[in-house]
Amino acid sequence: AGRYILLILRGFEGAVRFNQLGMIASEPDLTWSGRFECSHEKLNAIWQLCERTIRVGTQEGLIDCATREQAPYVGDANLIANWIGRLTGDYSHWRYLVRETFAVHGEQGLIKTTVFSGQSHLLLDYELLAVVGVRDYLRETGDMETVKEVLPAARQVVNWFIDRMDEAGWLTIAWETLSHHGTFAQTPAKAADPLI
């Protein structure tokens with residue numbers, strides 16, 4: 001995974017030669033506690049590949065393209081943060097992600113689905129995946145304080161969907177009229193129902 005740069009050269013004649021091409025890698029200061037080794041070389045290689053993928057993912061370098069997806073989407077980011085915690089024993093990245101996910105929300109209570117960016121994408125499935133991410137974070141860490149902090153905003157997201165359910169439990173949303181971009185502000189969420 002990585003970011004690439006597109007170079008456009010205009011107004012000259014001649015050849016262009018790149019003498020050096022490289023990539024800068026960065027990794028947070030985490031102690032990687034996950035270990036696996038066995039007598040089967042292919043299984044060892046699979047483990048090493050997966051571990052390296054998670055290490056790279058600690059900088060949220062998992063993007064499809066440099067022009068559109070320059071920030072983590074909340075659905076993917078929670079999965080990455082979960083595995084970073086499992087492999088390092090340090091869940092601070094996931095705690096930060098959960099807090100930032102619900103710190104900014106729109107007028108109707110929905111959240112941005114691209115965290116840590118100026119983008120304001122609204123992907124309906126990722127709205128609910130963010131709530132699932134909070135559930136998973138609580139199950140993994142037992143950190144009730146962080147969950148209580150984001151619960152009002154998470155409740156607003158869930159209520160947005162509940163308000164659009166019909167008697168049979170189906171969501172009735174006029175997809176073509178739904179804005180996929182919102183106006184977001186860092187405002188406190190409404191009071192939540194008591195945590196059950």
Side-chain angles (χ1 to χ4, degrees), residues 1-5 26 28 30 53-54 56-86 90-141 143-165 171-193 195:
R3 298 175 188 261
Y4 57 84
I5 298 173
S26 61
L30 294 169
T53 300
I54 297 298
V56 171
T58 59
Q59 288 301 297
E60 291 298 346
L62 305 179
I63 57 173
D64 289 338
C65 66
T67 55
R68 184 170 68 94
E69 296 185 354
Q70 296 183 8
Y73 282 66
V74 68
D76 311 70
N78 275 288
L79 296 174
I80 294 165
N82 185 341
W83 281 105
I84 290 170
R86 287 174 181 232
D90 183 343
Y91 287 88
S92 58
H93 173 69
W94 201 0
R95 180 172 58 250
Y96 180 62
L97 173 69
V98 166
R99 284 179 170 156
E100 290 302 307
T101 297
F102 291 98
V104 179
H105 45 274
E107 309 92 349
Q108 297 183 19
L110 296 178
I111 58 167
K112 296 193 315 178
T113 50
T114 50
V115 192
F116 313 128
S117 81
Q119 299 294 326
S120 56
H121 297 296
L122 293 174
L123 300 176
L124 290 184
D125 54 342
Y126 274 27
E127 295 286 327
L128 292 175
L129 283 176
V131 176
V132 170
V134 174
R135 180 206 64 190
D136 292 345
Y137 172 79
L138 178 61
R139 286 180 177 173
E140 192 69 31
T141 67
D143 178 8
M144 186 66 76
E145 290 306 309
T146 297
V147 172
K148 284 180 179 178
E149 182 182 319
V150 303
L151 188 61
R155 174 63 71 185
Q156 283 186 358
V157 170
V158 172
N159 284 340
W160 189 90
F161 287 90
I162 290 173
D163 291 344
R164 286 156 180 79
M165 287 175 61
L171 287 173
T172 53
I173 299 169
W175 178 255
E176 66 280 359
T177 63
L178 181 66
S179 172
H180 300 285
H181 297 275
T183 303
F184 294 88
Q186 189 146 358
T187 56
K190 297 173 188 171
D193 296 338
L195 184 65

**Request:** Enter the distance from L123:CG to K112:NZ here, rounded to the nearest 0.5 Å.
**Result:** 12.5 Å

**Message:** Under the side chain to side chain contact (heavy atoms under 4.5 Å, CB included) test against T101, which residue among V104, L97, V98 passes?
**Reply:** L97

**Message:** Using 0.5 Å steps for rounding, measure from the CG atom of N159 to the CZ atom of R164.
**Reply:** 10.5 Å

**Prompt:** Should W94 and I84 count as side-chain neighbours, where that means a heavy-atom distance under 4.5 Å?
**Reply:** no

**Request:** Quick one: pull up OG1 in T146 and CG in L151 and give me the separation to the nearest 0.5 Å.
**Result:** 12.0 Å

**Request:** Check step by step if side chain to side chain contact (heavy atoms under 4.5 Å, CB included) holds for V132 and R135.
**Result:** CA-CA 5 Å; V132 170; R135 180 206 64 190; 3.4 Å; yes

**Verdict with supporting geometry, V134 and F102, side chain to side chain contact (heavy atoms under 4.5 Å, CB included)** = CA-CA 10 Å; V134 174; F102 291 98; 3.3 Å; yes

**Request:** Taking all non-hydrogen atoms of both residues into account, name the closest pair between H93 and A81 and its distance.
**Result:** CD2-CB, 3.6 Å

**Message:** Could you check whether any side-chain heavy atom of R95 comes within less than 4.5 Å of a side-chain heavy atom of D143, counting everything from C-beta outward?
**Reply:** yes

**Prompt:** Would V115 and Y96 satisfy side chain to side chain contact (heavy atoms under 4.5 Å, CB included), going step by step from the backbone distance to the final call?
**Reply:** CA-CA 11 Å; V115 192; Y96 180 62; over 6 Å; no

**Asked** Do the side chain of T114 and the main chain of Y73 share a donor and acceptor less than 3.5 angstrom apart?
**Response** no

**Fill in**
Value for CG (L171) from CE (M165), rounded to nearest 0.5 Å, stands at 6.5 Å

**Message:** Main chain of I111, side chain of E127: is a donor-acceptor contact present, judged purely on distance under 3.5 Å?
**Reply:** yes

**Verdict with supporting geometry, V131 and V158, side chain to side chain contact (heavy atoms under 4.5 Å, CB included)** = CA-CA 8 Å; V131 176; V158 172; 4.0 Å; yes

**Complete:** Taken to the nearest 0.5 Å, the spacing of W83 CH2 from E140 CD works out to 8.5 Å

**Short side-chain to backbone donor-acceptor contact, N82 and N78, under 3.5 Å** = no

**Point-to-point distance, once rounded to the nearest 0.5 Å, from OG1 of T113 to CG of L128** = 11.5 Å

**Prompt:** Between I173 and L124, is any pair of side-chain heavy atoms under 4.5 Å apart?
**Reply:** yes

